[in-house]
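Shown next, in structure tokens, is the structure this report addresses.
In this chain, residues are counted from 1 in sequence order. Because the structure is a prediction, the values reported are computed rather than measured.
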Amino acid sequence: LNLTIHSLGGSSSDYVCGIWIAGSPGTTFSDALIEGNRVSGYSAHGLNHYMNGHITNVVWRNNVVDNSFDGGRYPSANSALQIVSGSTDCVFENNYLRDTTTTEGAILAFNKYGNDDGGTNVIRNNLMVDSGNVGILYILDSGGDGTTCDEVLRYDIHDNIIYHSGGSGVMIHPHECFGDGTRFNVFNNILYDNGEHGVSISSDTTARTRIDLFNNILYATGENNHGLYVNDSFHGTLNHGNNLYWHGNGSSHDVVNDRWQAMYTVADVTDFESSAQNTDPSFTDVNQLPVSTNSAVGIHPDGLEPQATSPVVDHGTTGLHPEDIDTRTRPRGAGWDIGAYEVN
């Protein structure tokens with residue numbers, strides 16, 4: 001609790017991390033709280049939820065990772081928070097994750113050791129900003145010892161804010177090596193002005209992965225960026241609804257690329273998703289982007305909170321968690337709102 005871990009230095013050949021859960025095959029790490037710590041100045045991972053064993057009932061809460069160290073970075077795996085498979089019912093909440101020089105993601109999560117996730121792991125109420133690459137990246141570590149192609153992952157990813165990533169906000173790349181029954185629930189997130197797409201999905205030719213994408217604000221800005229990009233290599237199941245799609249270049253800009261079979265502009269995105277909203281979300285003030293989060297008080301400042309007249313209000317569907325990112329109970333009006341905030 002409440003440690004300050006900084007100026008750790010770098011290495012291009014070894015893992016330099018702030019806080020690391022570690023253990024050998026056959027061991028279990030369980031029932032721990034890691035809260036209120038500040039980590040910076042590392043070359044691999046600020047927070048490392050990683051061991052060749054099993055991790056259960058571990059909570060990472062209210063931690064701050066703010067890293068711009070680029071001297072001797074570990075070349076192929078670095079992030080603000082790394083999550084390995086073999087976790088059961090772990091929670092990652094209200095963390096501020098900023099790593100401007102990462103080559104992977106603010107969160108890097110992957111299948112490696114074949115220890116099935118026996119429950120559902122939750123990533124909620126986090127603030128991920130300025131990532132050097134992706135906001136949240138799910139991928140196979142194809143070079144890891146013991147890698148299997150039947151690892152079942154289950155994640156609830158909700159009420160997070162991800163902005164200004166160098167790559168996509170959320171990228172899910174199973175690479176044929178997630179097991180049958182793998183499921184990602186992506187609900188009530190705000191994906192704003194990321195360098196590539198809001199959500200990017202690919203590489204599941206075995207059709208084992210199911211993704212539910214609901215109640216998200218998918219706000220793209222770049223010329224070749226989309227709110228949602230689904231590569232034609234994805235043969236899993238994608239369910240989606242009640243999302244808001246918008247592009248900073250206006251309603252005539254492409255906002256969904258669905259397996260290269262169809263492109264949808266903001267104006268015609270309801271042909272792709274009948275329950276979608278496709279007008280400007282009316283954020284309070286995009287010049288006041290959030291810079292902190294805490295489980296007691298929520299986000300500050302609330303520049304990405306939609307205004308009371310926003311089209312997100314009452315247009316969501318019932319989701320996974322009855323509180324918004326500012327700890328307000330859903331619904332506050334006639335129905336759930338789209339995005340991380342329950343406005344009114």
Side-chain angles (χ1 to χ4, degrees), residues 3-23 34 37-52 55 60 62-87 92 95-113 123 126-147 160-173 175 177 191 193-197 200 202-203 222 225 289 291-293:
L3 302 177
T4 298
I5 303 172
H6 63 94
S7 301
L8 297 172
S11 171
S12 60
S13 60
D14 199 6
Y15 290 97
V16 177
C17 305
I19 300 175
W20 189 345
I21 293 173
I34 303 168
N37 305 286
R38 303 182 67 90
V39 180
S40 63
Y42 58 85
S43 63
H45 308 288
L47 309 175
N48 202 359
H49 179 90
Y50 177 106
M51 59 182 280
N52 187 358
I55 309 172
W60 300 77
N62 294 341
N63 299 289
V64 174
V65 179
D66 195 348
N67 190 58
S68 57
F69 181 82
D70 60 3
R73 294 234 54 180
Y74 194 82
S76 59
N78 48 71
S79 63
L81 166 64
Q82 178 173 247
I83 305 172
V84 74
S85 57
S87 301
F92 308 84
N95 300 291
Y96 175 85
L97 303 173
R98 179 177 183 267
D99 191 328
T100 63
T101 62
T102 180
T103 60
E104 300 291 345
I107 294 180
L108 167 61
F110 60 91
N111 164 26
K112 186 169 185 177
Y113 290 120
I123 298 176
N126 299 286
L127 181 57
M128 286 160 269
V129 310
D130 298 334
S131 169
N133 199 346
V134 180
I136 304 177
L137 172 62
Y138 289 92
I139 198 167
L140 163 74
D141 182 349
S142 57
D145 294 338
T147 298
N160 302 284
I161 295 177
I162 305 174
Y163 69 81
H164 290 177
S165 299
S168 297
V170 175
M171 184 178 289
I172 302 174
H173 287 198
H175 288 284
C177 279
L191 303 161
D193 189 25
N194 293 292
E196 293 183 359
H197 314 293
S200 175
S202 72
S203 302
N225 299 355
L289 296 174
V291 295
S292 68
T293 179

Could you give the distance from [atom1] ([X]) to [atom2] ([Y]), rounded to the nearest 0.5 Å?
X	Y	atom1	atom2	result
Thr102	Asn78	OG1	CG	4.0 Å
Ser292	Leu127	OG	CG	7.5 Å
Tyr42	Thr101	OH	OG1	7.0 Å
Asn67	His45	CG	NE2	11.5 Å
Ile136	Ser79	CD1	OG	11.5 Å
Ile123	Ile83	CD1	CD1	4.0 Å

Problem - His164 and Leu289: CA distance, side-chain angles, deciding distance, side-chain contact (heavy atoms from CB on, under 4.5 Å) verdict - result: CA-CA 10 Å; His164 290 177; Leu289 296 174; 3.5 Å; yes
Shortest non-hydrogen contact from [X] toward [Y]:
X	Y	value
Ala80	Leu97	CB-CB, 4.0 Å
Trp60	Asn95	O-ND2, 3.1 Å
Ser168	Asn194	C-CB, 4.3 Å
Glu104	Asn133	O-CB, 3.0 Å

Exercise for the section: Output, in order, the C-alpha distance, side-chain angles, deciding distance and verdict of side-chain contact (heavy atoms from CB on, under 4.5 Å) for Ile139 and Leu108. Expected result: CA-CA 8 Å; Ile139 198 167; Leu108 167 61; 4.2 Å; yes
Would you tabulate the side-chain donor-acceptor contacts of residues 10-23 under 3.5 Å, counting partners in other chains and residues two or more places apart, or write 'none'?
residue, atom, partner, partner atom, Å
Ser11, OG, Ser13, N, 3.2
Ser11, OG, Asp14, N, 3.0
Trp20, NE1, Tyr50, O, 3.2

Exercise for the section: Output, in order, the C-alpha distance, side-chain angles, deciding distance and verdict of side-chain contact (heavy atoms from CB on, under 4.5 Å) for Leu47 and Val39. Expected result: CA-CA 8 Å; Leu47 309 175; Val39 180; 4.1 Å; yes
Report yes or no: does [X] contribute a side-chain atom to a donor-acceptor pair with the main-chain N or O of [Y] at less than 3.5 Å?
X	Y	value
Ser165	Gly167	no
Asn126	Phe92	yes
Asn225	His197	no

Problem - Residues Thr103 and Arg73: side-chain donor-acceptor under 3.5 angstrom - result: no
Handout entry: Distance-only side-chain donor-acceptor flag, Ser40 / Asp66, under 3.5 Å
Key =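 Result is no, nothing qualifies.
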Exercise for the section: Flag the pair Thr100 / Asp70 as yes when at least one side-chain heavy-atom distance between them is below 4.5 Å, and no otherwise. Expected result: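 Sidechains of Asp70 and Thr100: no contact.
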Practice task
Starting from the C-alpha separation in whole Å, work towards a yes-or-no answer on side-chain contact (heavy atoms from CB on, under 4.5 Å) for Ser200 and His173.
Solution key: CA-CA 8 Å; Ser200 175; His173 287 198; 3.9 Å; yes
Practice task
Determine the sole option in Asn63, Asn62, Thr4 for which the side-chain contact (heavy atoms from CB on, under 4.5 Å) test with Asn37 is passed.
Solution key: Asn63
